[in-house]
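Predicted model, so just to flag it, every value in this text is computed and none were measured.
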Amino acid sequence: MDTLVVIGTTAAWAYSAVLTFVPDVVTSSDVYFDTSSVIITLVLAGKYLELKSRGATSEAIVKLMSLQPPTATAIKDGTEVEVGVEQLVEGDLVLVKPGERIPVDGEVVSGESGVDESLVTGESIPREKSAGSQVTGGTVNLGGVLRVRATRVGRNTTLAQIVKLVEDAQSTKAPIERLADTVSSYFVPAVLVIAASTFLFWYFIGSGKWEVGDVPSFSLTAFVAVLVIACPCALGLATPTAIVVGTGRGAEMGVLIKDAAALETAHKLTTVIFDKTGTLTRGEPRVVRVHAAPGTDESGLLRLAGSAEKGSEHVLSKAVIAAAEAAKADLTTPETSKVVPGEGVSARVLGRDVSIGNRRMLGTLKVDLGLFEDRMQAMENDGITATACVVDGKVAGLIGVADTLRPEAGEALAGLKALGLKVVMLTGDNERTARAIAKQAGIDEYRAEVLPADKAGAVKAFQDKGEVVAMVGDGINDAPALAQANIGIALGSGTDIALESGNIVLMGEDLKGVVRAIKLSRRTFTKIRQNLFWAMFYNTASIPIAAGVLYPLTGWLLNPVIAAGAMAFSSVSVVTNASLLKRFKA
C-alpha cells in the first residue's frame with residue numbers, strides 16, 4: 001500500500017532535484033521538495049494516530065494480562081511467605097485474603113468466600129467457593145480468607161490460555177479480509193495506470209484545451225495527488241481493526257472467539273443445535289416432585305427413601321439423598337441393602353422394609369400403585385423419572401427426579417429466535433422426556449434417542465439441507481458434533497477440554513453467551529461492511545478529483561499535501577469506527 005505514496009513523493013522529489021541541479025532541462029522553476037516532505041510527514045502522522053488507535057483496540061489483551069497478580073502469599077512449612085507468582089509450582093498452597101486476586105488455578109483447601117469471576121467469565125454474580133471448589137487465576141476473592149492448592153500455574157493457567165487464544169484470534173485473517181487483500185492487489189496497479197494516464201493527459205491534451213500554467217508542474221501535481229489520495233490504507237485497515245476489537249470485546253464478555261473465520265461465520269448462522277444434558281439442562285438430576293401417601297409427610301418419606309438409597313451409587317439415588325438432606329431429614333445407614341439393577345433399591349431401615357424404584361420393581365414386588373397411578377403417569381408425561389417408595393408392602397409415596405433446565409435457558413433460546421434463528425435440541429433421552437424438555441424450553445424441533453456418536457450425523461443432516469449450523473455442547477462428549485458444525489460453541493468453565501473444543505468457547509455457564517457471541521459477530525461484520533464501503537467509496541470518489549476532473553469547471557486542482565492529509569484522515573476514521581465496538585453490549 002505504501003507503493004503509491006513512495007512513487008508519488010519520489011517523483012516529486014526527483015523532479016525537483018532535476019530542476020535544482022540541471023535547471024536548463026525544464027522551463028519551470030517550481031520545485032516540490034516541500035510537498036514530498038510534508039506528504040511523508042502527514043503519512044507518518046497518520047500512521048502514528050492509526051497505531052495509537054489500533055493500540056487502543058487491543059486493550060482487552062492488556063486488561064486480561066493485568067488480571068494476573070505479580071505476587072502471591074505462599075504457605076511453606078506453616079509460614080506465610082510472599083513470593084513472585086512465577087516462583088509458584090503445582091501443589092503449592094497459597095493464601096488469598098479478601099480483596100486480593102487469586103494468583104493460580106487451583107482447588108480450595110479451606111475457607112469460604114464469594115469470588116468475582118466477571119472479568120474471566122463475563123458473569124457479574126459472584127460464585128460462592130468452599131473446600132473442594134475450583135477457582136481460576138485472576139478472579140477476585142470478595143469475602144473470607146481462602147487457602148488454595150495450586151493445580152495450574154504460569155502458562156498453563158486458564159487466564160494464560162485465554163490471552164493466548166485472543167492473541168491468536170487477532171492475528172488470523174477472516175475470509176473477507178483476504179478479499180480486501182485481493183482487491184488491493186489489483187487496485188494498486190490500476191491506480192498506477194490512472195496516475196500515469198493523468199500525467200500524460202494533462203501534459204499532452206489537457207494543457208492544450210485549458211490554461212494550466214506551467215504544464216510539467218501541473219501534470220506532476222495531478223500525478224502525485226492521484227497516487228497519494230488513492231493509497232488504500234483505509235481498505236487494508238477496515239477488516240483487521242474490527243476483528244481485533246470484536247475478539248477483544250468478546251473476551252471481556254466471557255466469549256472466546258478462537259479465530260477470525262469463526263467470527264465471520266457466526267453472523268451467517270441459520271440454525272443453532274443444542275445438546276440437552278449438561279448444556280440446556282444442569283446435568284445433575286434433582287428431586288422436583290414429592291407425593292406422600294395419606295398419613296405420611298414428605299419429610300418422613302424422604303427420610304426413609306434417602307436412608308434406603310444410601311446403599312446405592314446411582315445418580316438418581318444421589319438426587320434423593322440430596323433432597324432428603326436439604327429437607328433436614330435425619331438419615332440413617334440401612335441395616336441391609338440390595339441394589340437390583342434396572343429396578344431400584346431394597347433395604348431394611350429402622351426396622352422397616354423399604355424399596356424405592358420403577359414400575360418394574362413394583363411388578364416384582366406385586367404392589368399396586370392404586371391412587372398414585374395417575375400421578376405417576378403425569379410425571380412420566382412431563383419427562384420426569386418417577387420412582388415409587390414402598391414401605392412394608394404398601395406405596396408410601398412417589399418421588400420425581402429430573403434433570404432441570406438451566407434458569408437462563410428460556411431467555412437465551414428466546415433471544416436466538418428473536419435473531420431469526422432456528423433452534424433444535426439433540427438428546428439421547430426417550431421421546432417422552434425429550435418432548436417434555438423441549439416444551440419447557442420452548443423448542444419446536446428436537447431429535448430424541450440420539451447417541452453421542454450419532455450427533456455429528458444429525459448436524460450434517462441439517463447442513464445437507466443448506467443450513468449454516470452452530471452446535472452448542474459442553475465440550476466433553478460433543479466433540480465430534482462440535483467439529484462437524486460450521487461453528488462449534490463449547491460451554492464450559494474454562495476447562496482444558498472446553499478450550500480445545502469448538503471455535504467459540506463460553507467461559508461461563510450462562511447460555512445467554514451464545515446470543516452474545518452471535519450478536520457480537522453480526523455487529524462486528526456490520527462495522528466491517530461500513531469500513532469497506534467508506535474506504536472504497538473514498539478511494540473511488542477521490543481519484544477523479546485528484547486527477548483534475550473539476551479543474552475545467554472550477555479552476556481548482558487538488559494539492560498533494562491536502563490529499564495526504566485526507567488519506568491519513570480516512571485511515572484514522574476507519575479505525576475509530578471499528579473502535580466503537582468496545583461499547584458493544586448484548
Side-chain angles (χ1 to χ4, degrees), residues 1-20 23 25-50 187-188 190-237 534-576:
M1 295 181 185
D2 292 333
T3 301
L4 300 178
V5 175
V6 170
I7 291 176
T9 54
T10 302
W13 183 90
Y15 176 79
S16 303
V18 169
L19 281 180
T20 302
V25 174
V26 183
T27 57
S28 173
S29 60
D30 296 332
V31 292
Y32 294 93
F33 291 120
D34 56 340
T35 300
S36 294
S37 59
V38 172
I39 287 174
I40 292 173
T41 301
L42 286 172
V43 170
L44 290 175
K47 288 188 178 294
Y48 170 75
L49 293 174
E50 172 192 315
F187 184 77
V188 171
V191 170
L192 290 173
V193 172
I194 293 171
S197 300
T198 298
F199 179 87
L200 294 173
F201 172 81
W202 285 111
Y203 195 91
F204 293 107
I205 301 174
S207 58
K209 293 185 176 183
W210 298 282
E211 176 57 43
V212 297
D214 186 77
V215 175
S217 296
F218 188 96
S219 302
L220 182 66
T221 298
F223 172 77
V224 174
V226 169
L227 290 175
V228 172
I229 205 165
C231 178
C233 299
L235 181 64
L237 292 169
W534 286 113
M536 290 300 297
F537 175 80
Y538 169 83
N539 282 121
T540 53
S542 60
I543 289 175
I545 297 173
V549 72
L550 297 179
Y551 185 81
L553 301 175
T554 64
W556 179 77
L557 182 67
L558 183 66
N559 189 302
V561 171
I562 297 175
M567 184 267 290
F569 173 76
S570 70
S571 296
V572 174
S573 64
V574 163
V575 175
T576 302

Ring pair (Phe, Tyr, Trp, His ring centres under 6.0 Å) involving Phe187 - partner list, sequence neighbours excluded: none
Testing the basics here: between Ser570 and Ser573, what is the closest heavy-atom pair and its distance to 0.1 Å? O-OG, 2.7 Å
Side-chain donor or acceptor of Trp210 paired with backbone N/O of Leu553 under 3.5 Å: no
Give the minimum heavy-atom separation between Val228 and Pro560, together with the two atoms involved. CG1-O, 4.3 Å
Sequence neighbours excluded, which residues qualify as side-chain contact (heavy atoms from CB on, under 4.5 Å) partners of Phe204? Leu200
For Tyr538, which residues count as a ring pair (Phe, Tyr, Trp, His ring centres under 6.0 Å) partner, sequence neighbours excluded? none
Sequence neighbours excluded, which residues qualify as side-chain contact (heavy atoms from CB on, under 4.5 Å) partners of Ile194? Thr198, Val226, Ile543
Rounded to the nearest 0.5 Å, what's the gap from CG on Leu557 to OG1 on Thr221? Could you check? 6.0 Å
Residues two or more places apart in sequence or in another chain: which of them pass ring pair (Phe, Tyr, Trp, His ring centres under 6.0 Å) with Phe223? none
Take the angle between the ring planes of Tyr203 and Phe199 and call it parallel below 30°, perpendicular above 60°, tilted in between. parallel
CZ of Phe201: more than 12 outside heavy atoms within 6.0 angstrom? yes
With sequence neighbours excluded, what pairs up with Thr9 under the side-chain contact (heavy atoms from CB on, under 4.5 Å) test? Val5, Ser36, Ile39, Ile40
Identify the heavy atoms of Ala547 and Ala222 that sit nearest to each other, and give their distance. O-CB, 4.3 Å
Does Tyr551, at its OH atom, have more than 12 non-hydrogen atoms belonging to other residues, nucleotides or ligands within less than 6.0 Å? yes
Got a second to check how far Ile562's CD1 is from Phe569's CZ, nearest 0.5 Å? 14.5 Å
The single option from Val6, Leu192, Val188 that satisfies side-chain contact (heavy atoms from CB on, under 4.5 Å) with Leu227 is Leu192
Could you label the plane-to-plane angle of the Phe33 and Trp13 rings as parallel, tilted or perpendicular, counting under 30° as parallel and over 60° as perpendicular? perpendicular
